Amino acid sequence: MAFSALPAALPGLTDRESIADALYRAVLAFDHGDDALLRSAVTDDVVAEMPGSPPASSIAALKAAVFDRVAFGLDTTHFISNVRVSMDSGASTAQVSCSALAQHIRKGKGFESGPHRFMSGGMYLCDVVKQDASGLWKIKTWKANIVWVDGDPAVMTGQ
């Protein structure tokens with residue numbers, strides 16, 4: 001059975017919920033290999049710092065450094081929790097932080113035992129901006145602080 005993510009714009013969300021939804025869209029884009037969902041979640045000039053990957057200063061660089069390898073080369077599930085939003089009332093910019101758990105499995109090996117897994121846990125800190133045209137909140141800067149890993153790191157290289 002194929003699964004797909006919900007549409008980028010969800011009706012009835014408050015600004016705080018919409019800001020958290022930018023993070024949800026971003027990690028779901030990785031899990032679903034959904035380029036359009038990623039583009040709905042990050043700005044064209046996103047700056048991303050993720051351990052193990054070169055810094056990215058555009059969506060094209062983020063795709064080349066991380067997204068294409070993870071979204072299309074691995075089976076993944078990303079979970080975020082403890083989402084906290086800092087924003088002034090009526091503002092079009094905000095900060096959001098969360099805890100993150102990322103599970104990476106060699107493509108098609110999820111039901112096999114053995115060294116096919118790599119997991120990481122940490123925190124994300126993002127600056128987000130509200131887009132005038134779409135009304136969507138998008139990630140402008142994305143910093144990942146990985147505090148633990150488990151499994152075979154070679155999984156992340158596609159080996």
Side-chain angles (χ1 to χ4, degrees), residues 3-11 13-105 107 118-149 153 155-158:
F3 283 87
S4 62
L6 295 172
L10 299 175
L13 299 181
T14 66
D15 273 339
R16 288 185 180 279
E17 292 167 331
S18 295
I19 290 166
D21 193 57
L23 283 171
Y24 299 139
R25 290 192 317 272
V27 298
L28 283 170
F30 278 81
D31 294 341
H32 291 279
D34 190 330
D35 184 72
L37 194 60
L38 179 69
R39 291 179 183 282
S40 81
V42 301
T43 61
D44 289 339
D45 61 347
V46 63
V47 174
E49 298 175 21
M50 299 185 180
S53 298
S57 57
S58 69
I59 193 167
L62 175 64
K63 284 179 56 55
V66 183
F67 182 78
D68 290 343
R69 174 174 40 90
V70 173
F72 303 117
L74 302 172
D75 291 329
T76 65
T77 50
H78 291 77
F79 300 96
I80 56 178
S81 63
N82 304 325
V83 177
R84 300 194 67 220
V85 175
S86 176
M87 69 175 291
D88 292 328
S89 180
S92 62
T93 61
Q95 274 198 317
V96 59
S97 65
C98 67
S99 300
L101 175 66
Q103 300 179 80
H104 309 89
I105 312 294
K107 197 82 165 164
F118 184 73
M119 293 192 345
S120 63
M123 280 74 68
Y124 297 156
L125 177 63
C126 301
D127 294 307
V128 294
V129 295
K130 189 171 189 175
Q131 301 293 289
D132 291 330
S134 67
L136 285 173
W137 286 86
K138 292 188 175 188
I139 298 169
K140 177 103 173 135
T141 64
W142 186 353
K143 295 179 183 175
N145 179 29
I146 306 303
V147 296
W148 65 266
V149 297
V155 168
M156 297 305 293
T157 65

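Predicted model only: the values in this text are computed from it and were never measured.
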Peer 1: Quick check: closest heavy atoms across Ser53 and Ala65, and the distance to 0.1 Å?
Peer 2: OG-O, 3.7 Å
Peer 1: Quick check: do Leu74 and Lys107 have side-chain heavy atoms less than 4.5 Å from each other?
Peer 2: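 They are not in contact (no side-chain heavy atoms under 4.5 Å apart), so the answer is no.
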Peer 1: Considering all heavy atoms of both residues, which atom of Leu136 and which atom of Ser40 are nearest to each other, and what is their separation?
Peer 2: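 So the minimum-distance heavy-atom pair works out to CD1-O, 4.0 Å.
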Peer 1: Atom OG1 of Thr157 and atom CZ of Arg69: how far apart are they, to the nearest 0.5 Å?
Peer 2: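 Reported to 0.5 Å precision, the distance equals 8.0 Å.
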Peer 1: Measuring from atom CG of Asp44 to atom CD of Gln131, what distance do you get when rounded to the nearest 0.5 angstrom?
Peer 2: 8.0 Å
Peer 1: If I compare all heavy atoms of Ala41 with all of Ala26, which pair ends up nearest, and what's the gap?
Peer 2: CB-N, 3.5 Å
Peer 1: Locate the shortest heavy-atom distance separating Arg16 from Ser86; write the atom from each residue and the value.
Peer 2: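 Smallest heavy-atom distance, with atoms named: NH1-N, 4.4 Å.
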Peer 1: More than 12 foreign heavy atoms under 6.0 Å from NZ of Lys143: is that the case here?
Peer 2: no
Peer 1: Calculate, to the nearest 0.5 Å, the distance between atoms CD and OH belonging to Glu17 and Tyr24 respectively.
Peer 2: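 Here the interatomic distance stands at 9.5 Å.
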Peer 1: Could you check if a side-chain atom of Asp35 sits within less than 4.5 angstrom of a side-chain atom of Lys63, using non-hydrogen atoms only?
Peer 2: yes
Peer 1: So how far is it from Ile139 CD1 to Ile19 CD1, rounded to the nearest 0.5 Å?
Peer 2: 11.0 Å
Peer 1: State, yes or no, whether a side-chain contact exists between Phe67 and Ile59 at a heavy-atom distance under 4.5 Å.
Peer 2: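 The answer is no, as the side chains (C-beta and beyond) never meet within the 4.5 Å cut-off.
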Peer 1: Say you draw a straight line from CG of Asp88 to OG1 of Thr93; how long is it, rounded to the nearest 0.5 Å?
Peer 2: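 Answer for the CG-OG1 pair, Asp88 versus Thr93, is 7.5 Å.
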Peer 1: What's the verdict on side chain to side chain donor-acceptor pair (under 3.5 Å) for Thr77 and Gln103, showing C-alpha distance, side-chain angles and the deciding distance?
Peer 2: CA-CA 5 Å; Thr77 50; Gln103 300 179 80; 3.2 Å; yes
Peer 1: Is any side-chain heavy atom of Asp127 closer than 4.5 Å to a side-chain heavy atom of Gln95?
Peer 2: yes
Peer 1: Can you check whether His32 and His78 have ring centres sitting under 6.0 Å from each other?
Peer 2: no
Peer 1: Is it the case that Trp137 and Asp15 place a side-chain donor and acceptor less than 3.5 Å from each other?
Peer 2: yes
Peer 1: Can you see which heavy atom on Ile146 is nearest to which on Pro51, and at what distance?
Peer 2: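 Distance-wise, the nearest heavy atoms are CG1-CG, 3.7 Å.
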Peer 1: Nearest heavy-atom pair of Asn82 and Ser99: which atoms, and what distance?
Peer 2: ND2-OG, 3.0 Å
Peer 1: If you measure from CG on Leu101 to CH2 on Trp148, what distance do you get to the nearest 0.5 Å?
Peer 2: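 With rounding to 0.5 Å, CG (Leu101) is 5.0 Å from CH2 (Trp148).
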Peer 1: For residues Thr76 and Asp31, is any side-chain donor paired with an opposing acceptor at under 3.5 Å?
Peer 2: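 Their side chains do contain a donor-acceptor pair, which is all the 3.5 Å distance test asks for.
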Peer 1: Under 30°, 30 to 60°, or over 60°: which ring-plane class applies to Phe118 and His104, parallel, tilted or perpendicular?
Peer 2: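 Phe118 vs His104 ring planes: tilted.
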